[in-house]
Protein chains: 2
Amino acid sequence: MKNPTLSDVAHSAGVSYATADRVINKRGNVAEKSTRKVRDAMVALGYVRNVAAANLSRKRIYRLAFLLPNGPNAFYDRIRSHLHGLSAHLAKDQISATAIGVDAFAVGGLKSCLSAIADQGFDGVAVVGLQSTELEAPIERLVEQGVHIIGLVSDLPKHLRSAYIGIDNVAAGRTAARLVGVSHGGQSGRIHILAGSTEAHDHADRLAGFYEVIRRDFPNLAVNDPVMTCDDPTVVKAEVEQVVDGSCGITALYNIGAGNGGLIDAMAQLNEAHRPFCVTHELMPDTCHALQHGHIDLVIDQGPDVEVNRALSVLKALIDGRSPLPAPDLVPTIYVRDNLPADPTLAMMKDTSHD
Amino acid sequence: MKNPTLSDVAHSAGVSYATADRVINKRGNVAEKSTRKVRDAMVALGYVRNVAAANLSRKRIYRLAFLLPNGPNAFYDRIRSHLHGLSAHLAKDQISATAIGVDAFAVGGLKSCLSAIADQGFDGVAVVGLQSTELEAPIERLVEQGVHIIGLVSDLPKHLRSAYIGIDNVAAGRTAARLVGVSHGGQSGRIHILAGSTEAHDHADRLAGFYEVIRRDFPNLAVNDPVMTCDDPTVVKAEVEQVVDGSCGITALYNIGAGNGGLIDAMAQLNEAHRPFCVTHELMPDTCHALQHGHIDLVIDQGPDVEVNRALSVLKALIDGRSPLPAPDLVPTIYVRDNLPADPTLAMMKDTSHD
DNA sequence: CTGAAAGCGCTTACAG
DNA sequence: CTGAAAGCGCTTACAG
């Protein structure tokens, strides 16, 4: 019942091990006839290449890079720290994963970073992408070098990457809308929306999804035009305070982007029973705390840790030339105050543990 | 920068390869003095054992078993089919995973199954457990044989297993309660609860969590005593039809167990705008369809595919004697009609694809 | 175009 | 208690 090896195949095909190897690894320089014989033997015996053995003999080390936006951003800090906590573990599987900072969210920064990592011997890179054709040149250069590219959290143009690991932001926005809608229990209301910027594709997607559902299924709810906050907590706070004084009739608040600190500060001053229903994104120490204390109601979390783990295994599969383990698409987790991780700080930090 | 090998360690310790091997693998028969020298060299060089090489030379094959309840159950069918779809993929990593049917949910069936798989050469087994001390004997026997045991979906007594892969059902019940509560928008109401049986620990846990939150945070909501349905759709349907005729003032329905077909049939007859708010568990073709058509509102899904994948990697880590990849606890996904998998039937079935 | 041989980092008899 | 040697399934020069 044990798997046939390459030498079984070679034998059965009547050629040498080296020749069989040449055809299964497409190294060329093999007579048409030999190729055919080997191919036949392969299927006849049901040959399955032993990747572990191949990697051992080749001394393969998976060199991976994660291109993450620089700057003070709790979300990417969490990704960085998870990656860091994983490194000892990954080393045992001959995987090295390096986080590389990219300047701002601007195309220029990403472009130069992509160019800079060429010729550095990376086998795969996960990049927090941008929808810009300007990225075409540097990425194609990498691909020519045999580097595998995937989009992480925010996608690249589809034709430039082999996979996207992240959530469907339109669906996330729709989900937020549904839950906000449901929270009105059939009563009418007015929803106020905050977003980081119109540039950010993920924000635009969430907004589109949100509108779609509210307009279709909740005619009793009015939606204010989104206010841009640049993800700045101070801006968020000022905006929320101004609009929530009671005279505007706001019954729900949806923060599409970051800057939750400001939202939470503003909400904490209100009476829980009378404040608007609040939905935000990403479970962080502050949003977790706010949920526990009833300052906000729902957090839609994309699970950065899981995204990183998934990116890692997809990249490895790509490099090994095989399909990744079948797994369902990533769907964000909805947190309420009742399903929070046992010890929030611990849960956030446990990544830094090693084994 | 490359990792030191065992022969580096042996060299540096001034002993033979074989001796170094004996101490790192605790095979015994080594002089105290040699042991010390090797140990010192190990830490000095920062030796990391290459598991892949070890497995290759040992021709290790991971033989795993999944003990799943028999009988017509869509949930476990889905687990079985996912497992089946994975097998080609797993084979490439020298992993074989066999699903083994266990009679009913009774302790007796599980006990005899656990006894039956002893001496069969399994390295690890994931079992849909039961909280019964009767399982102690057969499990301890397996453990003595070096078999690693984990609980899947439903836990075993803690001291009998190395890990539990599944959701926190109390938290799931609390989440259901929160969302049901929120859906009333501050208005009062009455909630009707259906459960499979009082025996099932997961049902009991969900119920407890549900009560906890409603009682604490939603004094305006009354909760009927749970009705036991034996997870039978016919029973569920009859019960729902009886209670939803309008005269009972039911504003929400929570089905803790299975038998959703009955719930959906009953709901489909009602006007979406006036039917009670409906929450159930597990995304299946029927619940997915019901969500899309507005017959129910929320599905709390534990993600059996992800559970299986996780069980696999935890089992492998256990067998290799290392800690699993750090990953957050499993939290169920909340589905509404707006965040359903792209093609539901496809998504359910894609497991059967091979690579 | 083809083949024989050494080596990847480990384990497993086997002989002292 | 210790060591030399073959072998796991592959890849990589190297020699024809």
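Chain letters run A, B, ... following the sequence lines, proteins first and then strands; every chain starts at 1.
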Student: Please name all residues satisfying side-chain contact (heavy atoms from CB on, under 4.5 Å) with A/Asp40, sequence neighbours left out, ordered by chain then number.
Tutor: A/Arg36
Student: In this structure, which stretches of DNA chain C are paired as stems of three or more consecutive Watson-Crick or G-U pairs, both distances less than 3.5 Å?
Tutor: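 Detected stem regions: C:1-3 with D:14-16, C:5-12 with D:5-12, C:14-16 with D:1-3.
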Student: Mark up nucleotides 11-16 of chain C, 5' to 3', with B wherever a protein heavy atom is under 4.0 angstrom from a base atom, S wherever such an atom reaches only the sugar-phosphate, and - elsewhere.
Tutor: BB----
Student: Under the rule for side-chain contact (heavy atoms from CB on, under 4.5 Å), what residues qualify as partners of B/Val331, not counting sequence neighbours?
Tutor: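 Per chain and number, B/Val331 pairs via side-chain contact (heavy atoms from CB on, under 4.5 Å) with A/Thr333, A/Tyr335, A/Asn339.
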Student: For A/Leu152 and A/Phe66, what are the C-alpha separation, side-chain angles and deciding distance, and is it a side-chain contact (heavy atoms from CB on, under 4.5 Å)?
Tutor: CA-CA 9 Å; A/Leu152 178 71; A/Phe66 280 70; 3.8 Å; yes
Student: Applying salt bridge (Lys or Arg N to Asp or Glu O under 4.0 Å) as the test, list every pair that has at least one member in residues 153-164 of chain A; sequence neighbours left out.
Tutor: A/Asp155-A/Arg161
Student: So which pairs with a foot in residues 9-18 of chain A pass side-chain hydrogen bond (donor to acceptor under 3.5 Å, both in side chains), sequence neighbours left out?
Tutor: A/Ser16-A/Thr19
Student: Please report the distance, rounded to the nearest Å, between CG in B/Leu56 and P in D/dC8.
Tutor: 9 Å
Student: Just compare D/dA4, C/dA4, D/dG9 and give me whichever is closest to any side-chain atom of B/Ser16.
Tutor: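 Between D/dA4, C/dA4, D/dG9, the one nearest the side chain of B/Ser16 would be D/dA4.
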Student: When you check the phosphate oxygens OP1 and OP2 of D/dG3, does a side-chain N or O of B/Thr19 lie under 4.0 Å from one of them?
Tutor: yes
Student: State which residues pass side chain to side chain donor-acceptor pair (under 3.5 Å) with A/Glu140; sequence neighbours excluded, sorted by chain then number.
Tutor: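 Here no residue qualifies.
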Student: In whole Å, I'd like the distance from the CG atom of A/Asp8 to the P atom of D/dG9.
Tutor: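 Answer to the nearest Å: 8 Å.
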Student: So, using side-chain contact (heavy atoms from CB on, under 4.5 Å) as the criterion, who are the partners of B/Ala65 when residues are at least two apart?
Tutor: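 B/Ala65 satisfies side-chain contact (heavy atoms from CB on, under 4.5 Å) with B/Leu67, B/Ile100, B/Phe122, B/Val125 only.
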Student: Per the salt bridge (Lys or Arg N to Asp or Glu O under 4.0 Å) rule, what does the pair list look like for residues 112-129 of chain B, sequence neighbours excluded?
Tutor: B/Arg60-B/Asp123, B/Asp119-B/Arg141
